[in-house]
Amino acid sequence: MSRELLTDFGGPVEELAPLLLGMRLRTEFPPGPTEVLINEVEAYAGPRDPASHAYRGRTPRNGSMFGVWGLLYVYRSYGVHWCMNIVTGGEGDPSAVLVRGGVPLAGEKIMVERRGRSTHTADGPGKLTQALGVAGDHDGTSVFEGPVVLLGEPGLRHDVVASPRIGISKAVERPWRFTLPTQAQGS
DNA sequence: ACGAGGATGCTCT
DNA sequence: GAGCATCCTCGTC
């Protein structure tokens, strides 16, 4: 993939985020490879964004967001689930894109096994990480180096839908959730 | 399809 | 001690 298209992207995260739709996330943990097509993301704009975990500056948890482009920020949500972000700012700019949903492309059997059910495999941030086997120990790893890798070509699709972000209580009006409406989610 | 309610444990104030 | 960038189950329509 052309990482320069993203690393050299000078614009704000809310313009970068929709470019990730249609790209793919892949892991190859035992017992085998798994891959999803990203169809739902949200932008979080660091110090510009009261809803961002980085709004109040660096803490032990959010340190990865202050690193270079392509690092993963993985955090535990509601004490139970893992959620993954792709860091989109340069060093010191804690902007990130939360990956909220994907459509299974490969290793669906493995993902269904990890999820413990045959539907709704990756149509939510906690479900997606569980399906791919992503967890807290991948916080701070790079999507360019793995083991969680980003594949495909970034680009704006014609069918992107923008809407308010889910599950937040601050800056609720910003339409920074981006989805591909095509086909039923995750299943 | 949709909504309410509960589980759960970590992070930061 | 409050507040979660959530998911599941079970109810209703």
Side-chain angles (χ1 to χ4, degrees), chain A residues 12-21 23 25 34 36 38-67 70-89 93-104 108 110-141 143 148 150 160-187:
Chain A
V13 63
E14 63 269 32
E15 292 180 14
L16 176 57
L19 302 181
L20 300 181
L21 294 171
M23 295 185 75
L25 282 169
T34 51
V36 301
I38 299 170
N39 71 344
E40 179 179 358
V41 297
E42 284 177 357
Y44 285 89
R48 283 195 296 125
D49 183 3
S52 169
H53 288 172
Y55 182 60
R56 297 179 188 283
R58 189 169 190 153
T59 69
R61 173 176 67 161
N62 68 19
S64 297
M65 275 198 282
F66 290 80
L71 295 190
L72 288 183
Y73 165 49
V74 183
Y75 72 95
R76 210 197 257 288
S77 172
Y78 289 87
V80 191
H81 306 102
W82 295 106
C83 292
M84 65 181 292
N85 294 248
I86 298 171
V87 174
T88 64
D93 171 13
S95 295
V97 175
L98 171 67
V99 185
R100 282 195 58 92
V103 177
E108 179 156 16
I110 295 170
M111 292 192 277
V112 164
E113 178 73 21
R114 287 186 182 133
R115 290 275 300 123
R117 66 203 65 236
S118 56
T119 61
H120 299 287
T121 306
D123 58 342
K127 304 180 212 179
L128 180 138
T129 55
Q130 185 182 24
L132 290 174
V134 174
D137 49 344
H138 303 117
D139 179 51
T141 63
V143 296
V148 184
L150 180 66
V160 173
V161 175
S163 57
R165 294 174 291 182
I166 302 291
I168 58 173
S169 59
K170 288 162 270 184
V172 295
E173 74 289 351
R174 300 185 191 185
W176 287 359
R177 174 181 180 238
F178 304 98
T179 55
L180 295 181
T182 51
Q183 73 234 355
Q185 314 286 85
S187 90

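Atoms considered below: every heavy atom in the structure, side chains included; atoms not considered: hydrogens, waters and symmetry mates. Just so we're on the same page: letters track the sequence lines, and every chain starts at 1.
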Could you list the residues that satisfy side chain to side chain donor-acceptor pair (under 3.5 Å) with [X], not counting sequence neighbours?
X        : answer
A/Arg174 : none
A/Ser52  : none
A/Arg48  : A/Glu14
A/Thr34  : A/Thr27

**Request:** Return each pair, listed once, that meets salt bridge (Lys or Arg N to Asp or Glu O under 4.0 Å) where at least one residue sits in residues 70-80 of chain A; pairs must be two or more places apart or across chains.
**Result:**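 Salt bridge (Lys or Arg N to Asp or Glu O under 4.0 Å) check on residues 70-80 of chain A returns no pairs.
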
**Item:** DNA chain C: 5'-proximal contact among A/Gln130 and A/Gly167 (nearest heavy atom)
**Value:**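 By nearest-heavy-atom nucleotide position, the 5'-most residue is A/Gly167.
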
**Prompt:** Quick one: on DNA chain C, does A/His81 or A/Ser169 contact a more 5' nucleotide (nearest heavy atom)?
**Reply:** A/Ser169

Taking only nitrogen or oxygen atoms into account, show me every contact under 3.5 Å that the protein makes with nucleotides 9-13 of chain C, one pair per line with its distance.
| unit_1 | atom_1 | unit_2 | atom_2 | d |
| --- | --- | --- | --- | --- |
| C/dT9 | OP2 | A/Arg117 | NH1 | 3.1 |

**Complete:** Protein-proximity profile, nucleotides 8-13 of chain B, B/S/- by nucleotide at the 4.0 Å heavy-atom cutoff, equals BB-SSS

**Asked** Among C/dC4, C/dC7, C/dT6, which is the nearest nucleotide to the side chain of A/Lys170?
**Response**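 So the side chain of A/Lys170 is nearest to C/dC4.
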
**Item:** Pairs flagged by side chain to side chain donor-acceptor pair (under 3.5 Å) wherever residues 77-89 of chain A is involved - sequence neighbours left out
**Value:** none

**Any residue meeting ring pair (Phe, Tyr, Trp, His ring centres under 6.0 Å) with A/Phe66, in chain and number order, not counting sequence neighbours** =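 For A/Phe66, no residue satisfies ring pair (Phe, Tyr, Trp, His ring centres under 6.0 Å) once neighbours in sequence are set aside.
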
Identify each donor-acceptor pair in which a side-chain atom of residues 131-141 of chain A lies under 3.5 Å from a protein atom, sequence neighbours left out, and give them as a table.
| unit_1 | atom_1 | unit_2 | atom_2 | d |
| --- | --- | --- | --- | --- |
| A/His138 | ND1 | A/Ala135 | N | 3.0 |
| A/His138 | ND1 | A/Ala135 | O | 3.4 |
| A/Asp139 | OD1 | A/Ser64 | OG | 2.9 |
| A/Asp139 | OD1 | A/Val74 | N | 3.0 |
| A/Asp139 | OD2 | A/Ser64 | OG | 3.2 |
| A/Thr141 | OG1 | A/His138 | O | 2.8 |

**Integer-rounded Å distance: B/dC2 P and A/His120 NE2** = 11 Å

Hey, can you pull the donor-acceptor pairs under 3.5 Å for the side chains in residues 160-173 of chain A, sequence neighbours left out?
| unit_1 | atom_1 | unit_2 | atom_2 | d |
| --- | --- | --- | --- | --- |
| A/Ser163 | OG | A/Arg177 | NH1 | 3.4 |
| A/Arg165 | NH1 | A/Ala43 | O | 2.9 |
| A/Arg165 | NH1 | A/Asp49 | OD2 | 2.7 |
| A/Arg165 | NH2 | A/Asp49 | OD1 | 3.1 |
| A/Arg165 | NH2 | A/Ala171 | O | 3.4 |

**Asked** For DNA chain B, what is the dot-bracket line, given that a base pair needs Watson-Crick (N1 to N3, plus N6-O4 or O6-N4) or G-U wobble (N1-O2 and O6-N3) geometry with both distances under 3.5 Å, and | means paired with another strand?
**Response** |||||||.||||.

